[in-house]
Amino acid sequence: MTGQEVQYIKEAVEEGHLSGNGIFTQWCQQFLESRLKCNKVLLTNSCTAALEMSALLLNIKPGDEVIVPSFTFVSTALAFVRQGANIRFVDSEETTPNIDPLLIESQITHKTKALVVVHYAGVACQMKRIMEIAQKHNLFVIEDAAQAIDSYYQGKALGTIGHLSTFSFHETKNIQCGEGGFLAINEPLLAERAEIIWEKGTNRAKFFRGEIDKYNWVDTGSSFLPSDMQAAFLKAQLESIDTIQKQRIHISEKYEHLLNPLVLKKKIKTLHIAKDATNNGHIFYILCRDLEERTALISHLKEANIQAVFHYLGLHNSPFIKRSQTPQTESFYECSKYADTLLRLPLYYELKDQEVVRVAETILDFYE
Ligand SMILES: Cc1ncc(COP(=O)(O)O)c(C=O)c1O
């Protein structure tokens, strides 16, 4: 929390426009468009909703195929499965949990419509290679940038490289409004329809701007827009983005520094950030040597009253996918490695330096 959240909610109530697309929504959208340098932003109720909008916008239909990394959150795949797509999962690369670009082409068929990439921990995928592959095969690219606010690749904000990008403002994210997110529309040809899908298939947004004299049902869609009360909360967070980011990156760098002796002794690994990528301080993770070691470390930290958690289980192995799709025969070795060995350390704005030191010392103590 930054302090202004409740004040702005009060202002939204006094404004008397609590439904979507009010003054706070418009402020947040304009702020994000200029901060990211992106064509168009629409606030949504979640990153999941923004992914669902993407699936509708790209006309994903039964029988289409969509390529998705296995090491990700359910929504990355679910939004497309709901439209009837079959998912082709791809393993992570060796150095990061992100999709391995070298394995993408083997999954492309004449049915492939889109490629969804996830910038895990806010660290960029290899976007240059990914965009080249997509261009060669005429595929849409969606960046699932749920974790990637204010992170960069070759100087460009993540979320501005693919045709569409989706972000999360869930309370676990750097910038939050409880539940929330947005869709960034980088392909200008998709912008007008995105606004219609956002507003229940109507051209109401155009009507509100005075561009047409009545609004009508013109397409498919849903109610994807959040209330202006959520946007009021979000404005307070966005106004403090530089302070929040500075503190989170500080915590991440402090962990990196304090745990470096274990990295040098090859007992653990930490985030790998390529030269053309940045760290946005979303997640600080370590990689243990195996599952047994990680389980023991989690218990050791718990005894010291420190909560550290692992992350995704590969989606290719989920009960839902096993039940609804023909199993893939490829190896998901890297994905399984991250599922078994990755451990996220506490990282939030209010975390004090001495608490970071205590977490690091407890980990050093475990390995000694
Ligand atoms: C990679 C990724 N995609 C999508 C989501 C879904 O975000 P939301 O909770 O805003 O729908 C998350 C949530 O953590 C995520 O990590």
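Order of appearance sets the numbers: ligands from 1, and atoms from 1 within every ligand.
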Practice problem: Classify the ring geometry between Phe366 and His300 as parallel (under 30°), tilted (30 to 60°) or perpendicular (over 60°). | Solution: tilted
Quiz item: Less than 4.0 Å between a side-chain N and a carboxylate O, is that true for Lys267 and Glu293?
Solution: no
Exercise. Could you tell me whether Glu330 and Arg88 have a side-chain N and a carboxylate O separated by less than 4.0 Å?
Key: yes
Quiz item: Do Glu132 and Lys128 meet the salt-bridge criterion of a basic N to acidic O distance under 4.0 Å?
Solution: yes
Quiz item: Considering all heavy atoms of both residues, which atom of Leu43 and which atom of Cys28 are nearest to each other, and what is their separation?
Solution: CD1-CB, 3.9 Å
Quiz item: Which residue pairs satisfy the salt bridge (charged side-chain N to carboxylate O under 4.0 Å, His left out) criterion with at least one member in residues 31-47, sequence neighbours excluded?
Solution: Arg35-Asp150, Arg35-Asp242, Lys40-Glu195
Check ligand 1 against the protein and report each N/O to N/O distance under 3.5 Å, formatted as atom name, atom name, distance.
from	atom 1	to	atom 2	distance (Å)
ligand 1	3 (N)	Asp144	OD1	3.2
ligand 1	3 (N)	Asp144	OD2	2.7
ligand 1	10 (O)	Cys47	N	2.9
ligand 1	10 (O)	Ser168	OG	2.7
ligand 1	11 (O)	Cys47	N	3.3
ligand 1	11 (O)	Thr48	N	2.9
ligand 1	11 (O)	Thr48	OG1	2.5
ligand 1	14 (O)	Lys173	NZ	2.7
ligand 1	16 (O)	Gln147	NE2	3.1
ligand 1	16 (O)	Tyr312	OH	2.9

